[in-house]
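Working notes, structure below.
The figures that follow rest on heavy atoms only: side chains count, while hydrogens, waters and symmetry mates do not. In what follows, chains carry the letters A, B, and so on, assigned in the order in which the sequence lines appear, proteins first and then strands, with residues in each chain numbered from 1.
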Protein chains: 2
Amino acid sequence: MLRTVTMSDVARAAGVSPMTVSNVVNGRPGVSEAVRRRVLEQIEATGYRMNAAARQLRSGRSGVIGLAVPELDRPYFGALGSHITRVAKDAGYRIAVEETGAGEAGEIDAIQLSQSLQYDGLILSSVNMDLRKIGGVQSFPIVLLGERDNPTGADHIALPNVEGARAVTRHLAERGARRIAYVGGPSTEAVSIFSLRREGFEAGLADAGLEVPRGGEDPLRFETQLITMEEGRRAGWQIAESPQLPDAVFAITDTVALGVVRGLADRGVRVPEDLLVAGFDDVPESEYLVPSLTTVAPDHEWTARRAVELLLARMEKPSRTGNEERAPFTVAIRESTGG
Amino acid sequence: MLRTVTMSDVARAAGVSPMTVSNVVNGRPGVSEAVRRRVLEQIEATGYRMNAAARQLRSGRSGVIGLAVPELDRPYFGALGSHITRVAKDAGYRIAVEETGAGEAGEIDAIQLSQSLQYDGLILSSVNMDLRKIGGVQSFPIVLLGERDNPTGADHIALPNVEGARAVTRHLAERGARRIAYVGGPSTEAVSIFSLRREGFEAGLADAGLEVPRGGEDPLRFETQLITMEEGRRAGWQIAESPQLPDAVFAITDTVALGVVRGLADRGVRVPEDLLVAGFDDVPESEYLVPSLTTVAPDHEWTARRAVELLLARMEKPSRTGNEERAPFTVAIRESTGG
DNA sequence: TTGTAGGCGTTATCAC
DNA sequence: GTGATAACGCCTACAA
């Protein structure tokens with residue numbers, strides 16, 4: 001690779017000082033039109049490109065915001081990345097998305113994080129990391145997305161996990177369901193989408209005057225370890241093979257719900273004729289499935305916009321106290337619960 | 001924000017030189033165990049973090065490979081990002097995914113590109129950019145993904161667009177379809193997935209001894225401007241309202257196929273009972289849909305691995321001549337064409 | 001309006 | 001095994 005073209009090279013070629021080139025490149029005022037043109041010509045001629053590393057080293061800014069998500073191939077995160085990219089662009093920032101790999105998370109995220117200091121800020125959407133491990137980064141602008149205890153004082157946008165699950169569960173009850181199955185993650189005490197959506201589900205049952213299972217075996221609870229279509233499908237099989245088919249299923253995410261519907265279909269159980277199904281997230285596909293999927297629809301636009309706003313505010317004023325916010329939502333009622 | 005902790009600070013605290021700290025941080029040999037421990041202690045104590053910009057400025061490497069995709073919220077690109085991230089990690093690189101925004105592309109991509117020189121290399125999966133605009137970046141390692149003329153001499157991995165579309169079209173014919181509709185992008189001469197998958201489709205028709213439409217009006221061709229579920233749905237409506245229902249539909253992508261199936265369902269047309277449907281890409285959802293979707297399944301793992309391999313080889317030896325490769329594929333036969 | 005000096009945090013090189 | 005020195009390419013501050 002040939003030697004890199006630097007500002008000095010351009011300056012020499014144009015017969016000016018490096019500083020003048022810098023001024024031209026950055027659109028700063030105080031450069032005569034003649035010189036400006038001459039410099040631009042030489043930039044073209046030499047094929048000069050700004051060195052981002054040098055600029056950042058000097059200015060401390062990279063103009064890039066990192067977005068860390070656990071899995072890129074889940075529609076929810078794809079849509080999130082897409083929204084955030086658009087919002088950030090309007091604010092003059094680029095977004096670089098990184099996949100942290102869910103599950104093990106902790107370590108990986110931490111590494112990711114430490115390295116990501118090349119970004120001006122980070123929007124972190126992770127499920128499993130212990131936030132206390134973020135130590136030493138207090139001074140780095142971070143916005144947390146998604147559920148968790150937040151002992152860090154960082155800005156945090158939560159999904160309407162409890163309220164959303166509660167509302168959609170009530171909806172299932174209003175549709176006449178009495179025995180409502182729950183398909184979701186493992187029972188844990190830690191605050192997570194697992195615990196919160198479950199909590200909302202139980203609150204919804206209570207609202208509807210339905211029995212809330214307490215301890216011991218719960219024949220209507222189907223635990224999955226991961227939030228995947230495959231795990232949902234397995235749960236669908238189990239549900240279909242239950243001694244008594246439930247009236248409805250609430251799945252912890254649309255991705256899982258898709259798997260559940262598939263699993264039910266594998267066993268000849270039809271949705272919504274034999275059984276209602278509802279999910280959570282309103283991923284883009286949900287509206288187009290057959291049957292289209294009833295789901296809790298958090299306002300993704302709002303979330304993206306707010307995440308960027310909070311991050312920019314924090315970058316501006318690192319001493320701000322952390323915000324705790326919650327995305328608004330609706331329940332999108334579709335064919336999978338009778339339309 | 002407090003002053004950043006630098007290597008010098010750590011060095012002073014540990015009573016060694018900055019160079020030694022650098023050696024420890026980078027795991028270079030030739031540091032006594034005692035000193036190493038002392039340095040690590042002080043790194044911990046001071047909360048020191050490497051400055052990526054400075055390292056890159058000095059070493060010329062960032063350890064980051066860029067992946068530019070047109071749309072993050074299309075499952076195909078989510079899956080691609082996910083695969084590539086895993087492969088790259090094994091090779092010691094991180095992946096930063098950027099959304100370029102399809103459609104207008106050209107400019108945006110070019111900008112994206114020029115900025116992305118902070119990466120050690122770039123995997124570019126774009127649809128619309130005129131590659132000649134990449135001028136001035138010949139010395140920058142790039143691997144192109146997807147369809148196009150490739151006048152640049154850069155490494156290029158193509159999808160099996162022609163062969164795949166051909167094979168799946170033959171499959172539809174083997175299932176007894178005579179009148180096969182095509183749902184895809186606009187007619188263009190430029191080489192693109194639009195032109196290539198269409199070409200493969202027509203070849204498949206010919207293989208099966210079916211009539212290949214020539215010029216003029218083709219009642220079995222439904223053009224979409226974008227590759228979206230919504231456009232697919234509209235095409236589904238049109239198909240359902242045709243004077244005579246076709247026997248089968250080949251949709252240019254799974255995303256479009258999903259929309260088509262939805263649009264057909266809106267009009268009471270059932271898949272596969274009334275009509276067979278096949279797609280292209282084998283996105284993760286396709287297997288879980290009801291009915292599961294028959295589709296051309298390029299080997300995504302292979303593509304990801306090969307893309308990273310080619311890029312690394314190019315980074316190693318910039319003078320390599322460009323490779324032209326084509327991903328292997330199978331036709332995943334599922335319920336939407338009768339299983 | 002343009003130029004000069006110096007340093008951002010790291011590492012390659014070479015001496016000790 | 002460890003340290004001194006000099007860049008990497010740019011930008012802030014100030015001088016001309």
Side-chain angles (χ1 to χ4, degrees), chain A residues 1-40 42-43 46-64 114-120 139-140, chain B residues 1-40 42-43 46-64 114-120 139-140:
Chain A
M1 189 145 24
L2 301 162
R3 206 178 74 69
T4 317
V5 182
T6 76
M7 273 191 178
S8 303
D9 298 326
V10 177
R12 203 173 315 115
V16 299
S17 83
M19 201 49 230
T20 301
V21 177
S22 174
N23 287 331
V24 171
V25 168
N26 293 285
R28 280 186 279 258
V31 180
S32 70
E33 198 43 42
V35 171
R36 154 171 263 101
R37 188 154 344 164
R38 200 138 43 85
V39 168
L40 289 174
Q42 288 310 316
I43 285 179
T46 55
Y48 167 75
R49 307 266 162 180
M50 252 277 301
N51 180 317
R55 173 211 281 265
Q56 188 191 347
L57 177 57
R58 185 61 239 219
S59 71
R61 287 192 10 122
S62 65
V64 180
S114 68
Q115 294 185 320
S116 60
L117 294 178
Q118 78 191 257
Y119 299 134
D120 293 344
S139 59
F140 187 69
Chain B
M1 189 145 27
L2 301 160
R3 207 177 74 68
T4 318
V5 181
T6 76
M7 273 191 177
S8 302
D9 297 328
V10 177
R12 202 171 316 115
V16 299
S17 82
M19 201 52 230
T20 300
V21 176
S22 174
N23 287 330
V24 171
V25 167
N26 292 283
R28 280 187 276 258
V31 181
S32 70
E33 198 43 41
V35 171
R36 155 170 264 101
R37 188 155 343 165
R38 201 139 42 86
V39 169
L40 289 174
Q42 287 309 315
I43 286 179
T46 55
Y48 166 74
R49 307 267 160 178
M50 253 277 301
N51 179 317
R55 173 211 279 259
Q56 189 190 346
L57 176 58
R58 180 62 236 209
S59 70
R61 290 189 9 120
S62 66
V64 180
S114 69
Q115 295 186 318
S116 60
L117 294 179
Q118 78 190 258
Y119 300 135
D120 293 343
S139 60
F140 186 70

Quiz prompt | dG9(C) phosphate, OP1 or OP2, under 4.0 Å from Thr6(B) side-chain N/O | solution = no
Practice problem: Would you name the heavy atoms of Met7(A) and Pro18(A) that are closest together and state the gap between them? | Solution: SD-O, 4.1 Å
Practice problem: Give the rounded distance in Å between these two atoms: CG of Asn51(A) and C1' of dA7(D). | Solution: 14 Å
Exercise. Just jot down the salt bridge (Lys or Arg N to Asp or Glu O under 4.0 Å) partners of Arg36(B), sequence neighbours excluded, or say none.
Key: none
Quiz item: Got a sec? Which of residues 31-38 of chain A come in under 4.0 Å of DNA chain D, heavy atoms?
Solution: none
Quiz item: Where do Gly15(B) and Arg38(B) come nearest, in terms of heavy atoms and distance?
Solution: O-NH1, 4.3 Å
Exercise. Note the angle between the end axes of the helix from dT1(C)-dA16(D) to dC16(C)-dG1(D), five pairs defining each, rounded to 10 degrees.
Key: 30°
Practice problem: Quickly work out the Arg12(A) CZ to dT2(C) C1' distance and round it to whole Å. | Solution: 17 Å
I'd like a table of donor-acceptor pairs (distance under 3.5 Å, sequence neighbours excluded) in which one partner is a side-chain atom from residues 19-27 of chain B, with atom names and distances.
from	atom 1	to	atom 2	distance (Å)
Thr20(B)	OG1	Ser17(B)	OG	3.4
Ser22(B)	OG	Arg28(B)	NH2	2.7
Asn23(B)	OD1	Arg28(B)	NE	2.8
Asn23(B)	ND2	Met19(B)	O	3.3
Asn26(B)	OD1	Arg55(B)	NH1	3.4
Asn26(B)	OD1	Arg55(B)	NH2	3.2
Asn26(B)	ND2	Ser22(B)	O	2.8

Quiz item: How many angstroms lie between CD1 in Ile43(B) and CE in Met50(B), if you round to the nearest 0.5 Å?
Solution: 10.5 Å
Quiz prompt | Contact summary for Asp120(A) and Gly63(A), nearest pair of heavy atoms | solution = OD2-N, 2.6 Å
Practice problem: Report the distance from atom CG of Leu57(A) to atom C1' of dT12(D), rounded to the nearest whole Å. | Solution: 13 Å
Quiz prompt | Derivation of the side-chain contact (heavy atoms from CB on, under 4.5 Å) call for Asp9(A) and Thr46(A) | solution = CA-CA 8 Å; Asp9(A) 298 326; Thr46(A) 55; 5.6 Å; no
Quiz item: When the distance from CD of Gln56(A) to P of dC11(D) is rounded to whole Å, what number comes out?
Solution: 12 Å
Quiz item: What's the shortest heavy-atom distance between Tyr48(A) and Val10(A), and which atoms?
Solution: CB-CG2, 3.5 Å
Practice problem: For nucleotides 11-16 of chain C, just jot down a letter per nucleotide in 5' to 3' order: B, S or -, based on protein non-hydrogen atoms under 4.0 Å. | Solution: BBB---
Quiz item: For Arg61(B), which residues count as a salt bridge (Lys or Arg N to Asp or Glu O under 4.0 Å) partner, sequence neighbours excluded?
Solution: none
